[in-house]
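Below is one structure, written out as structure tokens; comments come after it.
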Amino acid sequence: MPLSQVWDVIREGQRTHTPTGKLTDRVIEVFRDIWYLGFTAFGGPPAHFQIFHKKFVEERNGRTPWISEQTYQELFALSQALPGPASTKFLFGIVLIHAGWITAIFAFLIWSLPGALGMFALSLGVNNISETLPDPAYAFLSGLNASTVGIIAVAAVGLAEKCIKDPLSRILVIFGACAGLCYSALWYYPVIIVIGGAVTVTWDMWLGRQVRLYQQRWSAKKRRAADDAAIAEHEAGRTVSSGSNSRLPENAASIELQEPAKAIHAKNDSAVVQRRQPDQGATQSSASAAEAAASRVPPESMQSQPSRPEAPIYGVSIRSGVIVFVLFVLSFIGIMVARSEVPGDLNNRPIQIFANMYLAGTIIFGGGPVVIPLLREYVVTPGWVSPRDFLIGLAIIQAFPGPNFNFAVYLGGLALVSAQQYGTVGATVFGAFLGYLGIFLPGMAFAYAIQGVWRKLRDRALFISLLRGINATAVGLVFTAVYRLWEVGYLTNASTSSDSAIQGGRVSGRSLADEPWFVVIAVLTYAGNKWFNIPAAIGIAAGGILGIAWWGATQR
């Protein structure tokens, strides 16, 4: 779509639905339906996406879905394409569409606060533990990580099943998974996602049409060749028949019997000529018609699919979205200037913590695989948090409900403890609040600002194609998350207490494959959740118990 059309869309603005129900009624409805998710949504963003699909898209027990399958897929692609916490932006967008922006903010709070409070409590506890943990604790944490791998694998498979609609989307899922496994960097995941969107746009807008046109021309050429072969065969048969009848039979009776055959031949010859003439005369026009048809018919994946009607949609005006985005950009510039100019002493530590978390929340694409090394760089390298404490928090957050970005709450609480003027508890509370606000605010600003433009562009072929590629590539990156956690999930006293536990942006916890029992835990969790509908919370808790059982049996 030309830039002029984009500008026209922005100038045109968008009508938004004014909520018809009372705000209190909508708040009560949202609280009733999602209050428990912050306590039970284990497994990180991949599992959260599956939970949201069952909760808000599928019809269960006569409950009216909040959004359609198409809207779900579009919001999933947008949450992956924008920086910040993917599943949190996803839930925010769903509630915003269903019940308005005030209710969406309320939903964000009840979704994120349970996990945030838990990570805050963990940061208080870590301040009072010894340098090393007991061996059963490491076995328990490793069991949690192994079962979490199984839950994420279930979510990855489920997302792929919903995403794959044609061979191209299947290829992009494979591409996203393979590319994500081979390399990890801050800029890398956004580039992968952009490439996926560009591929589908190129295919849907141009290359796919050329391929279909070539196929149609090839089919027409084969049909013409078959017709010519049939004509030649008929001509050969006619020649043979004429040669056999060139001699006159000896009796008149035979001649009379052959007359009808000649008439039939003549009739067939006329029919052949009539069929041949249009084919030869219409060769060029058929090719032109095929080309026109190929350019008119959109690819199968872009054709609108029948879907059930959605509930009333509460939109965001483009003007409001632009205002929020401009305010965010101004705030980001101001915070980054302060980050570079403020001296790095204890008195200015709160400003530095908030600025680092704000920067992380702005530039993180791809969720966990990227946020882990980036946060490590921002809090471990300056000496605010020890490598041991970082790795303990990483193991716990994987098995915690709610958004994984609550990891910033834990790190913020620990990072400010060294500032003695606040006191231990006061510093932890203040630092946790700064981490929570800084890591989540940018993503929520992006999620709100994009709503108006998305509602206006969602029916444009170019936008549909772009989201399709982003969606498929992002699903592939979910499989990367399975691999990353698998490679660092087995924790031991040696790997956790070492100062070099995290090198090159990657945690050096051992692979789960080093101990077959943890592989068994991952497989059992996958099978239990996928085939026997065992809830993720029970599966993860069982994984921790099985980890302790392994320690009791082996004393390792």
Side-chain angles (χ1 to χ4, degrees), residues 44-45 48 78-93 96 104-105 107-109 111-113 115-116 119-120 123 185-190 193 321 324-340 349-382 384-385 390 393-394 397 400 402-416 430-451 474 477 481 505:
H48 299 162
L78 289 172
S79 68
Q80 297 293 333
L82 297 174
S87 58
T88 303
K89 290 180 295 181
F90 199 8
L91 179 64
F92 180 87
L96 189 151
I105 295 176
F108 159 71
L109 293 175
W111 157 254
S112 60
L113 281 179
M119 294 307 292
F120 161 72
S123 65
L186 185 61
W187 56 269
Y188 187 58
Y189 292 96
I193 291 175
V324 169
F325 181 75
V326 170
L327 291 176
F328 165 76
V329 171
L330 294 176
S331 67
F332 179 78
I333 294 173
I335 291 171
M336 291 304 102
V337 170
R339 179 175 181 264
S340 62
R349 180 72 59 79
I351 298 176
Q352 295 170 336
I353 292 173
F354 179 77
N356 283 2
M357 296 303 175
Y358 202 78
L359 177 60
T362 302
I363 64 178
I364 287 177
F365 294 81
V370 180
V371 72
I372 292 170
L374 185 65
L375 291 181
R376 184 263 175 191
E377 183 69 22
Y378 286 168
V379 298
V380 176
T381 299
W384 302 346
V385 177
F390 185 90
L394 176 62
I397 193 62
F400 241 59
N404 282 350
F405 272 51
N406 280 330
F407 193 25
V409 174
Y410 167 83
L411 296 176
L414 292 179
L416 205 57
F430 190 30
F433 172 76
L434 292 176
Y436 177 82
L437 186 64
I439 201 74
F440 282 110
L441 187 58
M444 296 304 97
F446 280 114
Y448 180 89
I450 197 63
Q451 284 290 322
L477 291 176

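Residue numbers count from 1 along this sequence.
- Annotation: side chain of W384 is not in contact with side chain of L414 (no heavy-atom distance under 4.5 Å).
- The CZ atom of F407 sits 4.5 Å away from the CG atom of L411 when rounded to the nearest 0.5 Å.
- In this structure, the side chain to side chain donor-acceptor pair (under 3.5 Å) partners of Y358, at least two apart in sequence or on a different chain, are S331.
- Taking S87 as the reference, H48 meet the side chain to side chain donor-acceptor pair (under 3.5 Å) condition, with sequence neighbours excluded.
- Here the straight-line distance linking atom CZ of F433 with atom CD1 of I353 works out to 13.0 Å at 0.5 Å rounding.
- Listed for the R349 side chain is a donor-acceptor partner under 3.5 Å among the backbone atoms of A415.
- One N or O on the side chain of S123 and one on the backbone of F120 form a donor-acceptor pair closer than 3.5 Å.
- Listed by chain and residue number, F49, F52, Y72, L75, F76, S79, I94 satisfy the side chain to side chain contact (heavy atoms under 4.5 Å, CB included) test with F90 (two or more places apart in sequence, or in another chain).
- Within 6.0 Å of CZ in F328 there are more than 12 heavy atoms belonging to other residues, nucleotides or ligands.
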(message) For Y448 and F325: C-alpha separation, side-chain torsions, deciding distance, then whether side chain to side chain contact (heavy atoms under 4.5 Å, CB included) applies.
(response) CA-CA 9 Å; Y448 180 89; F325 181 75; over 6 Å; no
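- Remark: T381 pairs with R376, E377 by the side chain to side chain contact (heavy atoms under 4.5 Å, CB included) rule, at least two apart or across chains.
- Every residue two or more places apart in sequence or in another chain that forms a side chain to side chain contact (heavy atoms under 4.5 Å, CB included) with F400 is listed here: M119, I396, I397.
- By the 4.5 Å heavy-atom criterion applied to side chains, F108 and L91 are not counted as neighbours.
- At a threshold of 4.5 Å between non-hydrogen side-chain atoms, the residues R339 and I351 do not count as touching.
- Contact detail for M336 and A355: the closest heavy-atom pair is CE-O, 3.6 Å.
- Partners of L327 under the side chain to side chain contact (heavy atoms under 4.5 Å, CB included) rule, at least two apart in sequence or in another chain, are I323.
- Shown here are the side chain to side chain donor-acceptor pair (under 3.5 Å) partners of S112, two or more places apart in sequence or in another chain: Y436.
- Taking the side chain as every heavy atom from C-beta outward, F332 and L359 approach each other to under 4.5 Å.
- Taken to the nearest 0.5 Å, the CG atom of N406 stands 8.5 Å off from the CG atom of L113.
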Throw together a table of side-chain donor-acceptor distances under 3.5 angstrom for residues 439-447, partners on residues two or more places apart or in other chains.
none

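- Minimum interatomic distance between T88 and P403 (heavy atoms only, all atoms of both residues): OG1-CB, 3.3 Å.
- The shortest heavy-atom contact between F390 and L375 is CE1-C, 4.1 Å.
- Between N404 and P45, some side-chain heavy-atom pair lies under the 4.5 Å cut-off.
- Heavy atoms only, all atoms of each residue included: A408 and M357 are closest at CB-SD, 3.8 Å.
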